[in-house]
Amino acid sequence: MYRAGLNPEQAEAVVYLGGHLLVLAGAGSGKTRVLTCRIAHLLAERIVEPRRILAVTFTNKAAGEMKERVGRLSPADAERVRMGTFHSICAWILRREASSGGWPENFSIYDADDQKSLLRSLLRNTPIETKVTPGAAQTWISRWKNSMVDPGKAEDSAESDQEREIARLYAAYQSALRRNGAFDFDDLLTVVHGYIRQETDAGSRYSRMFGHILVDEYQDTNLVQRGILKSLGGPGSSVCAVGDDDQSIYGWRGARVSNILDFPEDFPGTRIIRLERNYRSTPAILAAASSLVSFNRGRHGKALWTERPAGEPVRARSLANPEDEAAWILKEVSDLSSRGVSPGRVAVLYRTNAQSRVFESAALLEGIPCQVIGSLRFYEREEIKDIVAWLRVLANPGDRISLARVLNKPPRGIGDKSKALFLAGLDASGADPSEFMKRAGRIPGLSRGSISSLEALGSFLAGASALAAGGAPAAEVVDAVLAGSGMLDALDPSTVEGSSRLENIDEFRRSANEYDSLHPGSGLAGFLTTISLMTTSDAYDSGADRLSLMTLHCAKGLEFDTVFIAGVEEGLIPFIRAGRFGPDDLEEERRLLYVGMTRAKDRLYLTWAERRARPGVTAGGVSRFVSEVSLDSGSTVPAPAAAVPDPVIGVPDTRFSRGNVIHHPRYGMGTVLKAVRRGGEWQLTIDFGMDEPKTLLTGYVPITIVREKGGFPVDAV
DNA sequence: ACGAAATCTTTTTTT
DNA sequence: AAGATTTCGT
């Protein structure tokens with residue numbers, strides 16, 4: 001049953017039991033099918049107990065789908081198979097091992113925003129306060145963690161004073177997380193990695209836990225994930241990794257394609273199976289995509305083939321600007337729709353979330369229903385983050401970041417001063433927040449109003465905590481928070497903003513309810529973990545008959561009848577920012593476009609705008625990648641409105657120097673007093689004829705040179 | 001202490 | 001250009 005319709009290579013990958021297995025699966029070669037069938041085979045033949053199978057996917061959504069598919073093949077056992085992302089599996093282990101590992105059971109999981117606000121407070125009054133942004137610090141720290149570098153090592157290997165300071169910040173950040181009983185995303189992996197590597201009973205238990213481990217999208221794993229896999233796949237277990245080096249698009253996040261190359265070393269005796277037959281795309285699409293990716297040097301190299309009939313040519317189209325591009329695409333979607341291709345089978349893919357807007361309004365105009373995946377993430381909305389912060393405080397009273405966030409939200413008369421006073425007192429006392437609130441009267445320096453607010457808050461918190469600790473369903477706790485925190489009262493349903501927030505809150509309550517019915521008895525802690533690990537692509541609904549709009553990254557693993565890739569422009573795909581941009585980055589950008597192209601089954605369009613305004617730069621013009629796409633298989637030859645510019649690596653670079661006369665959109669004309677290179681940008685001190693000279697950074701606002709120092713006027717762009 | 005206005009900051013992609 | 005944050009006036 002589960003083997004029906006598989007080709008010989010796929011069948012071999014499904015039934016092979018001789019040890020570790022590496023499946024090099026090209027795009028559209030049916031790897032998901034192989035994975036599900038392999039699990040079904042293990043179950044049906046009773047080769048291993050269901051609970052001793054672990055399947056690691058890239059998103060939770062993929063895990064859910066796999067569970068469903070396996071469930072169809074072997075309904076009895078699918079529920080017992082453990083499936084999830086590396087992050088969710090690590091969160092599960094952390095929860096189970098809290099007491100032996102010495103971390104709080106109800107830890108908080110900090111997302112990028114939480115990390116940044118924590119870093120912002122730690123950066124205050126350090127020597128690098130003005131030189132390093134929270135975001136930059138977060139990137140450094142994340143890189144270190146992904147490469148398994150601890151704060152000590154980071155400081156030792158620092159190559160500059162500034163880097164040394166950031167390494168110290170890293171150390172402070174780690175202890176702050178600890179104080180708050182929190183892990184960030186990277187910690188979920190690194191802490192588990194450290195834990196299961198130990199030779200203790202507790203640690204080694206996990207290396208014996210799973211008899212069969214399957215990992216999807218192995219090309220997008222990092223060093224820590226590789227280490228975790230090595231520990232989990234100890235003696236007695238077989239590891240099956242599936243991946244495609246041509247589809248590695250997360251290098252910027254620490255992913256190493258080399259993990260695939262090194263797999264046979266990590267897991268001796270590995271059998272390698274290649275899947276090169278493509279079942280998805282027409283030959284025209286396949287030829288175009290293969291031609292593009294063949295320009296990459298660092299790759300295994302493979303020859304995808306298909307037996308599908310030729311199909312429509314790949315179309316490339318130049319438009320004047322992004323608005324025209326969106327209008328043209330939506331018109332085409334509408335035409336296709338009247339020819340029987342429903343919008344639900346069509347996707348528009350782009351490089352950056354910011355591009356989605358034009359398409360949304362064009363869809364509205366054309367009357368095409370659409371769904372935007374990712375841009376405004378539900379769990380990043382203000383009001384949702386507020387509820388979540390309250391819930392975190394209930395589950396984890398040590399979480400000061402969350403407590404600080406909601407202490408005076410909605411406004412209840414506790415100003416910044418009282419807030420600081422309270423938090424300092426709380427840390428000094430070591431008491432539980434709700435207890436300390438009830439004793440607020442004893443804190444010197446607080447106003448009457450603050451004290452009574454805090455006291456009221458204390459009794460609300462105590463009640464809600466008791467509810468949560470008693471194992472109440474998540475939805476009940478959510479309702480208690482909504483009522484008790486005053487959040488609901490603070491929103492005005494008659495305003496547009498208020499009613500949309502209330503809708504979001506309602507949606508949140510529904511998701512809590514859904515969680516409760518799916519996981520009875522789990523309560524608040526489980527719900528919090530689940531929503532912390534939710535991802536953007538988890539929102540994609542393939543059943544809805546709506547046009548899908550999403551980034552190229554988000555499209556990984558999906559397929560559509562018709563795919564439009566928009567903004568195939570120099571500077572956008574490949575995305576080039578001033579600063580370092582090496583050959584490896586270029587190759588990753590090429591792979592990203594390749595991933596997008598190979599999502600298409602029947603029809604593929606590449607479009608670009610000749611002009612596009614991006615903050616600070618006028619971009620646009622066809623991408624160099626378009627010329628690398630083979631158009632000899634009957635594809636429409638692109639007819640660019642303008643000549644294809646010479647491929648240039650790097651952003652059109654303006655050189656500023658003292659004495660330039662420049663134009664700024666807000667301040668008008670001015671003279672450059674000082675020009676300093678900072679990163680890839682310029683820090684300019686400019687005299688606009690005001691009292692004080694202004695210092696600002698290029699790259700955010702278009703600054704054009706009107707006259708070179710003492711020279712001739714330069715054309716303003 | 002609060003809300004409005006000025007000012008500052010910003011890595012595109014996401015687990 | 002947009003959003004978050006800080007400062008300012010009440």
Side-chain angles (χ1 to χ4, degrees), chain A residues 56-63 84-91 109-113 116-117 120 130 132-140 142 145-146 184-189 217 220-222 224-225 249-255 349-357 373-377 379-380 382 408 410-419 447 449-450 453 532-538 550-556 567 571-581 585 588-589 591-592 595-596 613-617 665-666 679-681 694-702:
Chain A
V56 187
T57 56
F58 193 70
T59 63
N60 292 299
K61 170 104 177 165
T85 61
F86 271 108
H87 289 86
S88 68
I89 287 153
C90 287
I109 300 174
Y110 282 179
D111 66 14
D113 273 356
K116 274 184 222 159
S117 58
R120 185 168 299 124
T130 55
V132 179
T133 63
Q138 196 242 324
T139 305
W140 274 95
S142 184
K145 287 187 180 178
N146 287 330
D184 65 22
F185 272 97
D186 301 318
D187 280 342
L188 297 178
L189 302 177
E217 311 278 13
D220 285 323
T221 52
N222 63 28
V224 186
Q225 290 165 328
I249 54 175
Y250 283 92
W252 52 273
R253 207 171 75 183
L349 310 180
Y350 37 77
R351 180 63 230 263
T352 67
N353 281 311
Q355 286 167 260
S356 70
R357 280 208 173 172
I373 321 298
S375 63
L376 271 166
R377 280 172 253 189
Y379 293 100
E380 280 172 13
E382 189 73 28
N408 193 35
R412 51 171 68 81
I414 306 167
D416 289 347
K417 240 171 111 187
S418 313
K419 196 161 136 184
S447 69
S450 306
S453 286
S532 299
L533 297 174
M534 282 280 205
T535 66
T536 47
S537 38
D538 294 342
M550 67 185 89
T551 63
L552 289 160
H553 283 92
C554 223
K556 181 165 99 157
L572 202 52
I573 313 175
F575 195 97
I576 301 172
R577 259 180 62 86
R580 66 227 153 271
F581 182 85
D585 299 296
E588 182 156 310
E589 295 292 316
R591 289 193 294 268
L592 186 57
V595 166
R614 285 204 289 140
V617 228
R666 198 141 114 235
E681 279 140 15
K694 282 251 161 225
T695 298
L696 37 84
L697 224 52
T698 61
Y700 298 104
V701 150

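Convention: sequence-line order gives letters A, B, ...; per-chain numbering from 1.
- Remark: A/Asn353 is in phosphate contact with B/dT13, judged by side-chain N or O atoms under 4.0 Å from OP1 or OP2.
- Spacing of C1' atoms, C/dT5 relative to B/dT12, comes out at 23 Å, to the nearest Å.
- To the nearest angstrom, P of B/dT13 lies 14 Å from CG of A/Leu349.
- Within the 4.0 Å cut-off from OP1 or OP2 of B/dT13, not a single side-chain nitrogen or oxygen of A/Thr551 is found.
- Residue A/Arg120 places at least one side-chain N or O under 4.0 Å from the OP1 or OP2 atom of C/dT5.
- Looking at residues two or more places apart in sequence or on another chain, you find no salt bridge (Lys or Arg N to Asp or Glu O under 4.0 Å) involving A/Asp186.
- Atom NZ in A/Lys417 sits about 15 Å away from atom C1' in B/dC2, given to the nearest Å.
- The nearest whole Å value for the distance from the NZ atom in A/Lys556 to the C1' atom in B/dT13 is 12 Å.
- For A/Thr221, the side chain to side chain contact (heavy atoms under 4.5 Å, CB included) partners at least two apart in sequence or on another chain are A/Phe86, A/Tyr218, A/Gln225, A/Asn259.
- Checking A/Leu572 against A/Phe185, the closest nucleotide of DNA chain B that is more toward the 5' end is the one next to A/Leu572.
- For A/Glu217 and B/dT13, the CD to C1' distance is 15 Å, given to the nearest whole Å.
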Taking only N/O atoms, report every protein-nucleotides 8-10 of chain C pair under 3.5 Å with atom names and distance.
none

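- Across all strands, A/Asn408 comes closer than 4.0 Å only to sugar-phosphate atoms, never to a base (heavy-atom distances).
- The side chain of A/Thr59 places no N or O atom within less than 4.0 Å of a non-bridging phosphate oxygen (OP1 or OP2) of B/dT14.
- Checked options A/Thr551, A/Val595, A/Leu552, A/Ile573; the residue passing with A/Leu349 is A/Leu552 (criterion: side-chain contact (heavy atoms from CB on, under 4.5 Å)).
- Ranking B/dT9, B/dA1, B/dG3 by closeness to the A/Ser418 side chain, first place goes to B/dA1.
- Across all strands, A/Pro574 comes closer than 4.0 Å to no nucleic acid atom at all (heavy-atom distances).
- DNA chain B is contacted by both A/Asp416 and A/Val132; A/Asp416 maps to the nucleotide lying nearer its 5′ end (nearest heavy atom per residue).
- Legend: residues meeting side chain to side chain donor-acceptor pair (under 3.5 Å) with A/Lys556, ordered by chain and number and at least two apart, are A/Asp220.
- Residue A/Phe86 is out of contact with every strand shown, counting any heavy-atom pair closer than 4.0 Å.
- Looking at the side chain of A/Thr352, the nearest of the listed nucleotides B/dT13, B/dT9, B/dT15 is B/dT13.
- Stacking annotation: A/Tyr250 is not stacked on the base of B/dT14 (requires ring centroids less than 5.5 angstrom apart and an interplanar angle below 30 degrees).
- Between B/dT15 and A/Asn146, no contact under 4.0 Å exists linking OP1 or OP2 to a side-chain N or O.
- The two atoms that bring A/Gly84 and A/Ile89 nearest to each other are O-CD1, 3.6 Å, heavy atoms only.
- Considering only residues two or more places apart in sequence or on other chains, A/Glu588 meets the side chain to side chain contact (heavy atoms under 4.5 Å, CB included) condition with A/Trp252, A/Arg591.
- Counting any heavy atom pair closer than 4.0 Å across all strands shown, A/Ser88 reaches no nucleic acid atom.
- Computed from coordinates, the A/His553 NE2 to B/dT15 C1' distance equals 12 Å when rounded to whole Å.
- If you measure from atom CD of A/Gln138 to atom P of B/dT13, you get 14 Å, rounded to the nearest angstrom.
- Minimum heavy-atom separation, A/Tyr350 to A/Ser356: OH-CB, 3.3 Å.
- The nearest whole Å value for the distance from the CG atom in A/Asp220 to the C1' atom in B/dT13 is 12 Å.
- Distances were taken from every side-chain heavy atom of A/Arg253 (C-beta onward) to each of B/dG3, B/dT15, B/dA1; the shortest belongs to B/dT15.
- Checked against side chain to side chain contact (heavy atoms under 4.5 Å, CB included), A/Asn408 has the following partners two or more places apart in sequence or in another chain: A/Arg412, A/Ile414.
- A/Asn146 contributes no side-chain N or O that, together with a main-chain N or O of A/Asn222, makes up a donor-acceptor pair within less than 3.5 Å.
- Note: CD (A/Glu588) to P (B/dT14) measures 13 Å, nearest angstrom.
- B/dT12 has A/Phe575 stacked on its base ring, the centres lying under 5.5 angstrom apart and the planes within 30 degrees of parallel.
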